[in-house]
Amino acid sequence: MAGFGRGFGAIATGATAQAASAQRFDVPASSIGRVASTLAVQGRVTITVTDPGVAALRSPGVSGSFDIRAAITRALRGTNATAVFYDARTIAIVRRAGSARPKPRRTPNEKPLPTVEPDHDNIVVMASKQRSTLDRFPGSVKLIELDRSWVARHAADGSAALTDMLPAVGSTNLGPARNKLFIRGIADSSFNGPSQATVGQYLGDVRLNYNAPDPNLNLYDLERIGVLIGPQGTLYGASSLGGVIRLMPNAPDADAVAGSVSVGGSATQDGSLGGDFAAMVNVPVIPGKLAVRLVGFVTQGGGYIDSPARGRRDINSTFSVGQRLVVRFTPDSGWTFDAGLVIQNSKNRDGRYTLRTDPPLTRDNGFAQPFHNDYYLTHFTAAGPIDDLELLTTTSVASHQLTSIFDATGAVGTATRTRPREGNYILLTTHETRVTGGTAAAPWVAGISSIYSLSALLRTFGPTDVRPVTNGVLNERLEAAVFGQVSRPLFQPSPERSAGASRSRTVPDCRSTRPDSVPTA
């Protein structure tokens with residue numbers, strides 16, 4: 001299917017075309033990150049902006065008919081940025097040589113995070129289980145602060161919004177709620193068997209899955225996203241060989257009633273229309289102490305594959321509906337208690353593939369091949385201080401029900417319509433208790449964790465009009481670990497490094513940038 005290119009600062013890319021020819025651009029004034037993203041789509045080229053300071057600079061935009069070089073030159077007028085052309089369709093926007101870095105500005109509603117170094121403003125990487133500042137974090141991390149406009153436009157895309165935005169994160173592209181995610185290309189296969197995932201996925205501190213595909217949670221009402229790149233060792237268990245993705249939702253607010261609504265529409269080239277609706281309501285039950293936050297959403301994705309033999313068009317449309325509920329209790333002791341429920345039911349109405357022997361965007365099967373992913377999660381988390389230490393304990397139970405139907409007509413040497421069906425019923429229980437302490441320069445963490453996974457895989461195979469033969473397998477797995485990590489600097493940082501760290505702005509948790517400006521630490 002032909003599609004529309006999209007990008008968000010780190011890499012903005014579109015389909016290939018003759019970049020040197022003049023074409024029409026209509027890019028409004030905005031940050032360089034957003035302007036680069038729109039230019040890449042309209043110019044059908046690849047544009048990278050790896051410096052978050054450059055991506056945040058103000059661009060006047062561009063409007064009119066130009067070739068891509070002239071368009072980018074106009075978009076960078078009056079800024080301290082310049083374009084580097086690696087070839088006709090690959091461009092990097094970098095800081096102009098000799099220009100000074102702008103001083104970071106704090107947004108009006110941004111609250112500083114207390115640290116052990118009150119004279120310094122530090123970006124604290126809370127995607128990790130250690131309280132580590134970004135300049136001292138021993139690894140590669142993507143830190144993304146989400147603004148409301150981006151969430152309203154892309155929340156319904158779920159994990160696809162992350163793979164579009166972050167080049168290091170990819171998927172198997174089997175369809176929403178059917179994909180496996182991978183980081184830096186580390187994956188076992190494209191199939192949804194009982195093997196462990198290679199990417200650890202979390203909602204806050206709650207583990208989302210273990211040996212199942214990505215549940216593709218709707219991103220509405222999220223505050224930020226942290227992605228740890230590369231193996232994470234014993235802190236996250238065996239299922240983090242590629243890395244960790246942590247979704248941080250907005251917490252219930254016990255001081256004010258709040259609500260929001262988002263409505264969107266979409267059009268698929270050579271396909272059908274789609275749309276999405278999401279809403280959030282936050283209600284204090286006991287002012288200052290107890291609050292409830294509820295998020296609900298529904299999404300319809302347009303299909304683009306036709307089935308002439310069955311007389312149907314756009315057979316591979318998708319549908320999802322769900323909700324997230326969190327109840328937060330914050331007594332005067334400084335502790336926080338959260339209890340929550342997540343439900344998301346997703347359906348792909350038919351397979352998202354075509355055969356080489358068929359005309360483009362058509363597939364003639366005798367029956368539909370739907371896929372269902374019904375995901376249910378309950379969780380409880382308690383966190384609070386014990387003297388100078390921080391203790392966190394979380395327990396969750398997830399039920400994952402996956403159903404797939406395939407077309408194996410002709411596989412046994414006959415023309416009989418044959419329908420294999422696979423049902424995978426997974427029960428996942430996780431627990432973790434950890435204690436963190438130390439300073440920003442020398443943090444430590446210790447804890448225990450356990451995962452219990454029970455998976456019943458049932459398969460049927462046979463003609464569609466008779467009772468099929470059934471077989472199945474039961475997989476049971478228990479993992480338990482005692483983990484710990486201590487970081488100590490080998491040398492004291494130089495005055496220049498300390499001064500550089502003090503210029504970093506304070507942000508709550510892992511907030512360091514917006515989707516149009518994705519840095520690599």
Side-chain angles (χ1 to χ4, degrees), residues 107-114 124 126-127 129 131 144-152 155-156 158 201-208 215 217-226 245-262 277-298 321-344 375-385 390-398 430-434 436 506-511:
T107 56
N109 59 351
E110 196 173 74
K111 299 179 179 179
L113 178 71
V124 180
M126 293 298 289
K129 295 185 179 182
R131 294 184 299 187
I144 309 161
E145 179 185 359
L146 304 180
D147 60 33
R148 292 183 179 179
S149 61
W150 186 91
V151 171
Q201 293 180 255
Y202 290 79
L203 180 68
D205 290 290
V206 179
R207 184 68 181 255
L208 290 176
L217 292 190
N218 191 296
L219 304 181
Y220 192 72
D221 200 42
L222 288 190
E223 182 181 3
R224 54 194 177 273
I225 299 173
I245 297 175
R246 188 182 185 204
L247 310 177
M248 292 299 299
N250 288 304
D253 185 355
D255 296 320
V257 177
S260 64
V261 173
S262 174
F277 172 83
M280 179 278 295
V281 59
N282 181 95
V283 179
V285 179
I286 302 177
K289 291 188 177 182
L290 182 65
V292 177
R293 195 177 189 97
L294 174 65
V295 178
F297 42 82
V298 58
V321 61
Q323 61 90 21
R324 296 196 306 268
L325 173 68
V326 178
V327 179
R328 167 165 288 192
F329 177 54
T330 52
D332 296 333
S333 61
W335 280 72
T336 299
F337 301 92
D338 289 341
L341 173 67
V342 178
I343 299 175
Q344 182 151 326
Y375 183 79
Y376 307 89
L377 171 72
T378 60
H379 59 89
F380 174 79
T381 301
E390 291 287 337
L391 183 141
L392 182 143
T393 181
T394 181
T395 302
S396 67
V397 179
T430 67
H431 173 79
E432 179 179 324
T433 297
R434 69 175 185 263
T436 57
T506 299
V507 290
D509 291 353
C510 67
R511 299 167 63 184

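For this chain, numbers begin at 1 and follow the sequence in order. All heavy atoms count here, side chains included; hydrogens, waters and symmetry mates do not.
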Check [X] against [Y] and note the closest heavy-atom contact, atom names and distance.
| X | Y | result |
| --- | --- | --- |
| Pro249 | Gly204 | CD-N, 4.1 Å |
| Asn282 | Pro252 | OD1-CA, 3.3 Å |
| Gly334 | Pro385 | O-CD, 3.7 Å |

Measuring from [X]:[atom1] to [Y]:[atom2], what's the distance to the nearest 0.5 Å?
| X | Y | atom1 | atom2 | value |
| --- | --- | --- | --- | --- |
| Trp335 | Phe329 | CH2 | CZ | 13.0 Å |
| Thr394 | His379 | OG1 | NE2 | 7.5 Å |
| Ile225 | Glu223 | CD1 | CD | 11.5 Å |
| Leu377 | Leu203 | CG | CG | 7.5 Å |
| Leu219 | Phe297 | CG | CZ | 9.5 Å |
| Glu145 | Leu222 | CD | CG | 13.0 Å |

Side-chain touch [X]/[Y], heavy atoms, less than 4.5 angstrom:
| X | Y | answer |
| --- | --- | --- |
| Phe277 | Val261 | yes |
| Tyr202 | Ile245 | no |
| Thr430 | Thr395 | no |

Would the distance check show the side chain of [X] and the main-chain N or O of [Y] forming a donor-acceptor pair, the cut-off being under 3.5 Å?
| X | Y | value |
| --- | --- | --- |
| Tyr375 | Leu208 | yes |
| Asp253 | Pro284 | no |
| Gln344 | Asn218 | yes |

Run the side-chain contact (heavy atoms from CB on, under 4.5 Å) check on Phe380 and Ser396 step by step: do they pass? CA-CA 6 Å; Phe380 174 79; Ser396 67; over 6 Å; no
Suppose the criterion is salt bridge (charged side-chain N to carboxylate O under 4.0 Å, His left out): which pairs have a residue in residues 283-294, not counting sequence neighbours? Asp221-Arg293, Lys289-Asp332
Tell me, please, which residues at least two apart from Thr336 pass side chain to side chain contact (heavy atoms under 4.5 Å, CB included). Arg328, Thr330, Asp338
Worked check of side-chain contact (heavy atoms from CB on, under 4.5 Å) between Arg324 and Leu294: CA-CA 6 Å; Arg324 296 196 306 268; Leu294 174 65; over 6 Å; no
Do His431 and Thr433 have side-chain atoms, one donor and one acceptor, less than 3.5 Å apart? yes
With sequence neighbours excluded, tell me which residues meet salt bridge (Lys or Arg N to Asp or Glu O under 4.0 Å) with Asp205. Arg246, Arg434
